[in-house]
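Remarks on the structure that follows.
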Amino acid sequence: MTETATGADATTDDGAAEAPATDGGTAAAETDAGAEEATEAAGTRTPTTGAESVIAALEAAGAETAFGVQGGAIMPVYDALYASSVHHVTMAHEQGAAHAADAYGVVSGETGVCLATSGPGATNLVTGIADASMDSDALLALTGQVPTELVGNDAFQETDTIGVTAPITKHNYFASGTDTVGDTVGEAFAYAETGRPGPTLVDLPKDVTLGETDQTPKPPEPPAGAEVDPEAEPDAVERAARVIEESERPLCLFGGGVIKSGASDQARRFARDHGIPVTTTMPGIGSFPEDDPLALSWAGMHGTGYANMAITHTDCLIAVGTRFDDRLTGGIETFAPEAEVIHIDIDPAEISKNVHADHPLIGDAGTVLEQLLAAVDDGPDAEAWREQCADWKEEYPMTYAMPEDEPLKPQFVVEAFDEATGDDAIVTTGVGQHQMWAAQFWTYTEPRTWVSSHGLGTMGYGVPAAVGARLAADNAGETDRDVVCFDGDGSFLMTIQELSVAVREDLDITFAVLNNEYIGMVRQWQDAFFEGRHMASEYEWMPEFDKLAEAFGAKGWAVSEYDAVADTIEAALAYDGPSVIDFRIDPAENVYPMVPSGGANGKFALSEEQL
């Protein structure tokens with residue numbers, strides 16, 4: 001029997017789709033010298049079962065931590081984990097396992113690993129896998145499956161996991177051979193982080209993991225055709241360089257790909273060497289320090305007014321590692337209408353998919369930026385443009401009112417946390433108004449410090465993500481780094497069970513619940529576009545989160561007054577363990593600036609009356 005693989009095709013450097021091999025990378029059965037060396041390096045024993053081969057492959061790949069929930073079909077793999085060097089973290093729910101693994105990978109720069117059993121275990125991973133797919137996060141999911149002979153018979157806890165996850169994985173595999181299952185897992189791990197990162201999945205029938213084998217997995221390698229040429233075509237680089245030199249209003253747009261490729265240093269050097277103002281996407285937050293004079297912060301629906309003005313008026317947009325999603329662009333026809341667009345991306349499929357690229361540069365972000373640095377002889381004369389951008393920052397500052405007769409403002413809370421923590425603090429969030437405030441009123445200066453759900457917009461992401469982020473920092477020896485999770489009351493309630501994991505693992509995390517007793521962003525849209533009909537958005541039935549935190553074994557506070565904010569934050573950060581602060585904020589506060597869906601970025605609203 002051979003391994004079978006389904007899912008999205010790998011993309012080669014010339015843009016041609018090429019399906020990963022279903023034999024060479026996964027079907028080799030012989031134990032060669034390379035595999036023996038990998039086994040010795042990982043400190044693993046020679047596997048005797050398929051399950052032990054799975055774990056040996058993870059060890060050989062360098063996996064240190066995995067997140068999951070035990071169950072019947074995955075039980076052989078968990079049994080093999082018992083004596084493994086891989087630290088397993090039992091989560092309260094499989095969705096939490098996927099989000100924790102995702103965030104672990106975002107902070108560590110490595111492939112996150114999650115496990116679940118068949119049927120409901122696998123389907124509970126789906127939201128987290130889809131989230132990783134939308135945000136191009138390297139994630140490996142291992143799912144149990146009913147024995148091969150029962151597949152397709154509607155057996156107990158059977159689901160077509162391959163069919164369900166094919167649209168949301170970079171590639172997925174059905175493991176059909178005990179001798180080759182370790183090679184399959186190693187390949188899936190490597191493929192998740194090769195080229196444009198993304199999630200992969202291996203479905204593991206119970207007979208395959210229980211079966212006997214004497215085959216040691218090969219060293220992890222991505223499938224044939226998955227590698228991408230890191231360098232862009234030299235002539236295209238030269239043409240782009242001339243456009244940059246001749247521009248009068250150049251603008252850098254740094255996306256999440258800058259961070260994922262480890263290209264923040266190159267991006268910063270490129271912008272500074274040539275005096276080019278910088279805006280980012282939300283996933284690109286931290287790629288360029290927001291306290292730099294060239295920084296315009298992030299752009300898009302709730303981005304800064306000055307970032308959106310710069311995009312609207314630039315004549316040369318240097319976009320790096322972004323897919324130009326609709327929350328960034330607004331209406332495509334009004335996005336950077338005067339600009340020649342230089343688009344650097346490792347995935348040819350993203351070129352001109354949403355925004356037409358006048359100068360596509362396909363390759364690794366860091367490598368291509370190095371090429372551009374060498375090719376641009378004389379930087380553009382952009383002094384007047386920089387002054388214009390500075391004027392916009394003065395004209396559209398990020399401010400908020402604090403009337404004495406109104407409740408606590410959430411922006412004040414975010415700024416107070418930022419002031420109380422170091423530049424290397426990690427922020428995770430759920431999704432909603434609190435997410436936007438955390439992005440707008442915290443000054444990010446380092447990559448991999450902003451951990452959020454962007455493309456899928458998953459409420460409930462923040463709590464399990466904080467677990468994964470904390471463990472990634474701790475594994476790197478960075479135990480002194482602060483990890484702060486900003487959540488809304490609705491988002492917090494969706495995955496609050498993972499607070500029990502933070503308590504059990506004694507993780508030093510501070511959870512700040514910006515509690516307005518609404519699904520706040522929905523309420524804001526209902527007020528603006530649905531004549532104030534608050535259908536299913538009022539959450540007046542929320543529990544007292546400080547008391548609930550204490551019930552879980554965490555430390556809890558409730559704050560509703562300005563003068564208690566700083567002291568409570570100090571106490572929570574000093575507490576050695578998980579703590580929850582329930583901030584009772586102004587329920588009427590809205591997120592601005594705001595570009596209406598499909599609107600023009602340069603016509604952002606600063607109040608509901610302007611929508």
Side-chain angles (χ1 to χ4, degrees), residues 42 57-68 84-89 91 96-115 128-129 131-133 135-142 170 185-186 188-200 220 222 256-265 283-287 321 365-366 422-429 444-454 461-485 498 501-502 505 507-509:
L58 291 181
E59 292 172 337
E64 296 182 345
T65 304
F67 304 84
S84 171
S85 62
V86 178
H87 173 218
H88 178 265
V89 179
M91 301 298 289
H99 292 327
D102 181 305
Y104 181 93
V106 170
V107 173
S108 68
E110 303 168 358
T111 298
V113 180
C114 60
L115 301 89
I129 295 171
D131 194 288
S133 178
D135 286 352
S136 300
D137 294 338
L139 176 74
L140 170 62
L142 301 176
K170 187 175 178 181
V185 170
F189 187 102
Y191 189 33
E193 59 190 20
T194 300
R196 178 180 181 173
T200 58
V258 172
I259 296 173
K260 295 180 193 308
S261 64
S264 295
D265 287 345
I285 287 174
S287 59
D423 288 345
D424 64 348
I426 299 169
V427 173
T428 76
T429 77
Y444 297 89
T445 61
E446 298 299 328
R448 303 190 185 281
T449 56
W450 165 256
V451 186
S452 194
S453 171
H454 303 105
Y461 180 86
V463 178
V467 171
R470 176 75 271 168
L471 286 164
D474 290 350
N475 284 356
E478 299 168 345
T479 56
D480 291 337
R481 293 181 73 179
D482 290 313
V483 175
V484 178
C485 171
E498 306 305 342
V501 179
E505 298 289 320
L507 301 180
D508 190 10
I509 303 169

TODO: Could you pull out the closest heavy-atom pair between Gly186 and Ala57, with the gap in Å?
DONE: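 Closest pair (atom of Gly186, atom of Ala57, distance): N-CB, 3.9 Å.
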Open item on the list: I'd like to check the side chain to side chain contact (heavy atoms under 4.5 Å, CB included) partners of Ala103; sequence neighbours left out, ordered by chain and number.
Closed with: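 Testing Ala103 for side chain to side chain contact (heavy atoms under 4.5 Å, CB included), a comparison that skips the adjacent residues, returns Val451, Tyr461, Ala465.
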TODO: Using the test side chain to side chain contact (heavy atoms under 4.5 Å, CB included), find all partners of Ala132 that sit at least two apart in sequence or belong to another chain.
DONE: Asp102, Asp137, Leu139, Pro199
Open item on the list: Using a 6.0 Å cut-off, check whether atom CG of Asp423 has over 12 heavy atoms from anything other than its own residue.
Closed with: no
Decide yes or no for [X] and [Y]: does some side-chain heavy atom of the first lie under 4.5 Å from some side-chain heavy atom of the second?
X	Y	result
Asp424	Glu446	no
Ser287	Pro447	no
Phe67	Val501	no

Can you list, pair by pair, the side-chain donor-acceptor contacts under 3.5 Å of residues 466-476, counting residues two or more places apart and other chains?
| unit_1 | atom_1 | unit_2 | atom_2 | d |
| --- | --- | --- | --- | --- |
| Arg470 | NE | Asp474 | OD1 | 3.1 |
| Arg470 | NH1 | Arg481 | O | 2.7 |
| Arg470 | NH1 | Asp508 | O | 3.1 |
| Arg470 | NH2 | Asp474 | OD1 | 3.0 |
| Arg470 | NH2 | Glu478 | O | 3.2 |
| Arg470 | NH2 | Arg481 | O | 3.1 |
| Asn475 | ND2 | Thr65 | OG1 | 2.8 |
| Asn475 | ND2 | Tyr104 | OH | 2.9 |

Open item on the list: side-chain contact (heavy atoms from CB on, under 4.5 Å) for Leu140 and Leu58? Distances and angles first, verdict last.
Closed with: CA-CA 10 Å; Leu140 170 62; Leu58 291 181; 3.8 Å; yes
For [X], give me all partners under side-chain hydrogen bond (donor to acceptor under 3.5 Å, both in side chains), at least two apart in sequence or on another chain.
X	value
Asp131	Ser453, Thr458
Glu498	none
Ser452	Thr429, Gln435

Task: Donor-acceptor pair, side chain of Lys260 and main chain of Ala138, under 3.5 angstrom - done: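 Side chain of Lys260 to backbone of Ala138: no pair is present.
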